[in-house]
Number of protein chains: 2
Amino acid sequence: MLKLSTKGRYGVKAMFDLAQHMGEGPTSLKSIAERQGISEHYLEQLISGLRKAGLVKSVRGAQGGYLLGKEPDKIKIGDIIRVLEGPIAPTDCVSEEDPETCAKAQYCVTRTIWEKVRDSIAEVLDSITLQTMLEDAKKIESERSLYMYYI
Amino acid sequence: MLKLSTKGRYGVKAMFDLAQHMGEGPTSLKSIAERQGISEHYLEQLISGLRKAGLVKSVRGAQGGYLLGKEPDKIKIGDIIRVLEGPIAPTDCVSEEDPETCAKAQYCVTRTIWEKVRDSIAEVLDSITLQTMLEDAKKIESERSLYMYYI
DNA sequence: ACAAATCCCGAGTGTTTTTATAAGATATAA
DNA sequence: TTATATCTTATAAAAACACTCGGGATTTGT
């Protein structure tokens, strides 16, 4: 159905939350889960993949938690999605990673459609970084207070 | 996983098959299913939806079958996908049809990402019609015979 | 009139994916 | 040493997916 699963959505929310709390030391899963309204145990599984991919770093023990693995302008939304949902692939025959080879691939007209869909999704997701999101959030916030001012 | 289900893929294949056999009278499900390698009974379910949406017309009885409901340049791939897979909606909060209203929608930064994804998918799918596919197929075929000629 | 071809409709079914939940092991700060 | 966290693995309910099946309705050709 061309739908994102909760993995991707929760993952992006969690990463954005981490970005918003940069410079405050490690952020615990518990606090992320509470702020974002996500099951802590479930988030645990998701962040495990993000850690293995180097998108976050973990600090164990009391007062521990997670930190971004890179600068926010180096983390694309596409990176997060690919870790949590696998390669972008509206169909198996046009997967970003080892596409299922089909004998008719060369002459297949439908295949070219799915390629275009894949590329347009990838282009959007790779054009947005956590930094972009932080800037967007700041902009929305300032517009919001401007509006409040004039009431 | 941002994946298309077989419904959408089979549906587009079947519609393209119908387009390729225009002017030859009604095309039976059986022949479409055979050519495209799809279960006939399953395809029956899918085409039922396409008929109700007016994308195909049916002719009952012996020698019956299906015909395109409109000219091929009037049938967008997006139309077919929406009938078979529902509105384009990478997440429920940005569905093309009655999006799930969320209290934070106005300030939600992730939401704007999913909107962009939705729009880019819709743009691709609505820019391609069955006519486009017929032209692409003809082009590929002529390139293929040209290549054969030079061997 | 009858048989064959074909569309039409709804119910049932096995598999996979999704979305968690739970329990316990490991590590560290205070 | 205790409380706070991360880490790992197992279990499982629910939903979606991809068919499968059976029978009914309609039309054509003999």
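Within every chain, numbering begins at 1; the chains are lettered A, B, ... in the order of the sequence lines, protein sequences first and strands thereafter.
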### Message
If the threshold is 4.0 Å, N to carboxylate O, is there a salt bridge linking A:Arg111 and B:Asp136?
### Response
no

### Query
Taking for each residue the nucleotide of DNA chain D bearing the nearest heavy atom, is the 5' side occupied by B:Gln63 or by B:Glu85?
B:Glu85

base_contact_polar ([N] base, [X] side chain, donor-acceptor, <3.5 Å):
X: B:Glu44; N: C:dC7; value: no
X: B:Gln45; N: C:dC9; value: no
X: B:Arg60; N: D:dT27; value: no

### Message
What's B:Ile47 touching, base or sugar-phosphate or nothing? Going by heavy atoms closer than 4.0 Å.
### Response
nothing

Ignoring backbone atoms, establish whether [X] has a side-chain N or O less than 4.0 Å from OP1 or OP2 of [N].
X: B:Tyr10; N: D:dC17; answer: no
X: A:Ser39; N: C:dT21; answer: yes
X: B:Ser5; N: D:dA16; answer: no
X: B:Arg51; N: C:dC7; answer: no
X: A:Ser58; N: D:dC7; answer: yes

### Task
Side chain of A:Ser28 only, please: which of D:dA5, C:dT19, C:dC9 is the nearest?
D:dA5

### Query
Of the nucleotides C:dC9, C:dT18, C:dC8, which has the atom closest to the B:Tyr66 side chain?
C:dC8

### Message
I need the B:Thr132 OG1 to B:Ile77 CD1 distance, nearest 0.5 Å.
### Response
7.0 Å

### Task
Enter the distance from B:Ile121:CD1 to A:Ile121:CD1 here, rounded to the nearest 0.5 Å.
4.0 Å

### Message
For B:Asp126 versus B:Gly78, what's the shortest heavy-atom pair and its separation?
### Response
OD1-CA, 3.4 Å

Protein-nucleotide distance ([X], atom [atom1]; [N], atom [atom2]), rounded to Å:
X: A:Leu29; N: D:dT8; atom1: CG; atom2: C1'; answer: 14 Å
X: B:Lys7; N: D:dA18; atom1: NZ; atom2: P; answer: 8 Å
X: A:Lys52; N: D:dC7; atom1: NZ; atom2: C1'; answer: 9 Å
X: A:His41; N: C:dT21; atom1: NE2; atom2: C1'; answer: 7 Å
X: B:Tyr42; N: D:dA16; atom1: OH; atom2: P; answer: 14 Å
X: B:Leu46; N: D:dT20; atom1: CG; atom2: C1'; answer: 14 Å
X: A:Leu43; N: D:dT8; atom1: CG; atom2: C1'; answer: 16 Å
X: B:Asp92; N: C:dT18; atom1: CG; atom2: P; answer: 15 Å

#### Entry: More than 12 heavy atoms from other groups under 6.0 Å of CD on A:Gln106
no

